Amino acid sequence: MRDPNVPESLEGWWILHRMFSFDRRVWDALGEKKRTRSVQHAADLFEHLKRGDDGDVGLAQVVGHKADLMIVHYARTYDGLAYAQTLVDKLDLCDVLVPRDSYVSVLELGLYEATAKMHATLHERGLEPNSPNWVTEFEELMREQAESQYVAPRLFAKIPPRRYVCFYPMNKRRGESVNWYALPYEERARLMREHGKLGRSYHGQVTQVISGSIGYDDFEWGVDLYADDPLVFKKLVYEMRFDEASSKYGEFGQFWSGVQFSPDQLGVFLDGDALPALAPNSKKTSAKTE
Ligand code: 76R
């Protein structure tokens, strides 16, 4: 059913965030041989999961007590996520990692404007809503959206190779008197336009990855922000609190923030002698920020 009240969305990577605490004392007490082997196996797996076009993996040292390590998996399929999870669980490294939290979602591009335009186009063509021709032509228009030059690269962009990451889940409010889902379509579209306008004023400073999690996890969306300067998270999230889509309708879960590092820096992170570094992705495979 193509309900004109419901905005369409396009989906890309399946995404799994996993947060672990890491027992540094136990790690430090392990023999060097065991540590070297554990690092090597884990780094090899992460390099393997990063390679090619079928997924990606991001590692971050979380700052604060909620976790020490965040692993972000991207996969083409839900099954791919399940498999990535299993592969990590089988690592020796898991002897010193305790799962603290996780979040399952799928990368999503919301299409408020485009959905309204597609419905209008089909009306102009004189098609009866939800008739077989309507459905076929609607699907064709959606395919065009998904394949468009603007959208396609964003659905399967690699994890932004920026030093700092901030992740939190959120809902749109469904209260008795304040209810996002009870607003007329045009009003929600207007609020999202305003939201996008404010967001775009941070263009270049931050890369956002929005993923939908209705049906998979406890909130409705996951929000990942990536930046070269951690102060940008505070400025952006604060400014957004004044924007109606957030001030009136946003409800937030826990926040995690940290520093990203590359798989070849895993040993540096685990040994804790220095801050691990992040190697830049090639321009071609990373999310567009300009
Ligand atoms: O995808 C796009 O860039 C198009 C415009 C856009 C959409 C559709 C956009 C732009 N966002 C969209 C959807 Mn967003 N966003 C958040 C948060 O902390 C808060 O108050 C809210 C958390 C931030 C910080 C943020 C930043 N966005 C969404 C949705 C789905 C809602 C729906 O479909 O109903 C959520 C939950 C959400 C939340 N947003 C931007 C940003 C930024 C920085 C941009 C501009 C991106 C750019 O062009 O560089």
Side-chain angles (χ1 to χ4, degrees), residues 3-13 15 17 103 105-118 142 145-146 148-157 159-160 162 164-174 178-257 286-290:
D3 184 341
N5 196 36
V6 180
E8 296 295 327
S9 55
L10 290 167
E11 279 72 32
W13 294 121
I15 303 181
H17 289 74
Y103 205 76
S105 56
V106 60
L107 191 146
E108 166 187 302
L109 295 183
L111 298 175
Y112 262 102
E113 301 283 324
T115 304
K117 272 193 208 137
M118 287 188 276
M142 282 293 285
Q145 284 286 332
S148 82
Q149 236 181 330
Y150 174 66
V151 165
R154 298 177 65 202
L155 292 174
F156 293 101
I159 295 172
R162 293 186 145 193
Y164 303 99
V165 56
C166 167
F167 171 72
Y168 53 102
M170 69 173 289
N171 289 333
K172 287 286 170 68
R173 182 160 291 132
R174 282 188 294 136
V178 177
N179 185 339
W180 172 260
Y181 295 90
L183 290 178
Y185 189 95
E186 191 34 58
E187 179 62 1
R188 278 175 283 136
R190 182 186 71 77
L191 291 169
M192 286 312 295
R193 258 195 315 274
E194 293 299 310
H195 166 82
K197 216 188 285 170
L198 172 52
R200 276 192 297 279
S201 69
Y202 283 80
H203 200 71
Q205 289 188 73
V206 67
T207 310
Q208 71 145 5
V209 178
I210 295 297
S211 50
S213 44
I214 294 179
Y216 314 115
D217 223 312
D218 300 342
F219 282 77
E220 295 172 346
W221 285 278
V223 179
D224 282 286
L225 305 173
Y226 295 89
D228 303 327
D229 175 356
L231 251 195
V232 171
F233 299 143
K234 175 178 182 292
K235 303 277 179 203
L236 166 62
V237 176
Y238 182 63
E239 193 170 348
M240 240 166 217
R241 292 288 159 103
F242 293 95
D243 185 63
E244 211 176 334
S246 295
S247 66
K248 219 164 155 187
Y249 299 102
E251 288 177 350
F252 302 91
Q254 290 201 80
F255 281 64
W256 288 269
S257 64
S286 63
K288 249 177 51 190
T289 53
E290 248 52 72

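Any value given below was found using the heavy atoms of this structure, including those in side chains, with hydrogens, waters and symmetry copies removed. Note that ligands are numbered from 1 as they come in the structure, with each ligand's atoms numbered from 1 the same way. Everything numeric in this text was worked out from a predicted model, so none of it was measured.
- Annotation: cation-pi pair R188/Y249 absent, no NZ/CZ under 6.0 Å from the ring centroid and within 45° of its normal.
- When non-hydrogen atoms are compared, ligand 1 lies under 4.0 Å from neither the backbone nor the side chain of E220.
- Considering C166, G199, A245, S246 only, the shortest heavy-atom separation from atom 43 (C) of ligand 1 involves G199.
- Close contacts between ligand 1 and F252 involve ligand atoms 18 (O), 19 (C), 20 (O), 21 (C) [criterion: under 4.0 Å to a heavy atom].
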message: Could you walk me through whether K235 and Y202 satisfy the side-chain contact (heavy atoms from CB on, under 4.5 Å) test, starting with their C-alpha distance in whole Å, then the side-chain angles of each, then the deciding distance to 0.1 Å, before giving a yes or no?
response: CA-CA 9 Å; K235 303 277 179 203; Y202 283 80; 3.8 Å; yes

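- Residue R174 qualifies as open at atom CZ: its count of foreign heavy atoms under 6.0 Å is 12 or below.
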task: Would you please test F255 and C166 for side-chain contact (heavy atoms from CB on, under 4.5 Å) and show each step?
output: CA-CA 7 Å; F255 281 64; C166 167; 4.1 Å; yes

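- Counting heavy atoms only, I210 comes closest to atom 29 (C) of ligand 1 of the residues V237, L191, I210.
- Between F167 and W256, the ring planes are parallel. Angles under 30° get that label, and only those over 60° would be called perpendicular.
- Looking at Y168, Y112, W221, it is Y168 that brings a heavy atom closest to atom 17 (C) of ligand 1.
- Each of the atoms 47 (C), 48 (O), 49 (O) of ligand 1 lies under 4.0 Å from some heavy atom of H203.
- Ranked by closest heavy atom to atom 5 (C) of ligand 1, the top entry among E251, R200, M192 is R200.
- Considering backbone and side-chain atoms alike, R154 places an N or O below 3.5 Å from some N or O of ligand 1.
- Cation-pi geometry between K248 and W180 is not met: the NZ or CZ atom fails to fall both under 6.0 Å from the ring centre and inside 45° of the normal.
- Within the 4.0 Å heavy-atom cutoff, R188 does not count among the residues contacting ligand 1.
- Between R193 and E113 there is a salt bridge, since a side-chain N of the basic residue sits under 4.0 Å from a carboxylate O of the acidic one.
- Residue H195 has at least one nitrogen or oxygen atom sitting less than 3.5 Å from a nitrogen or oxygen atom of ligand 1, judged on distance alone.
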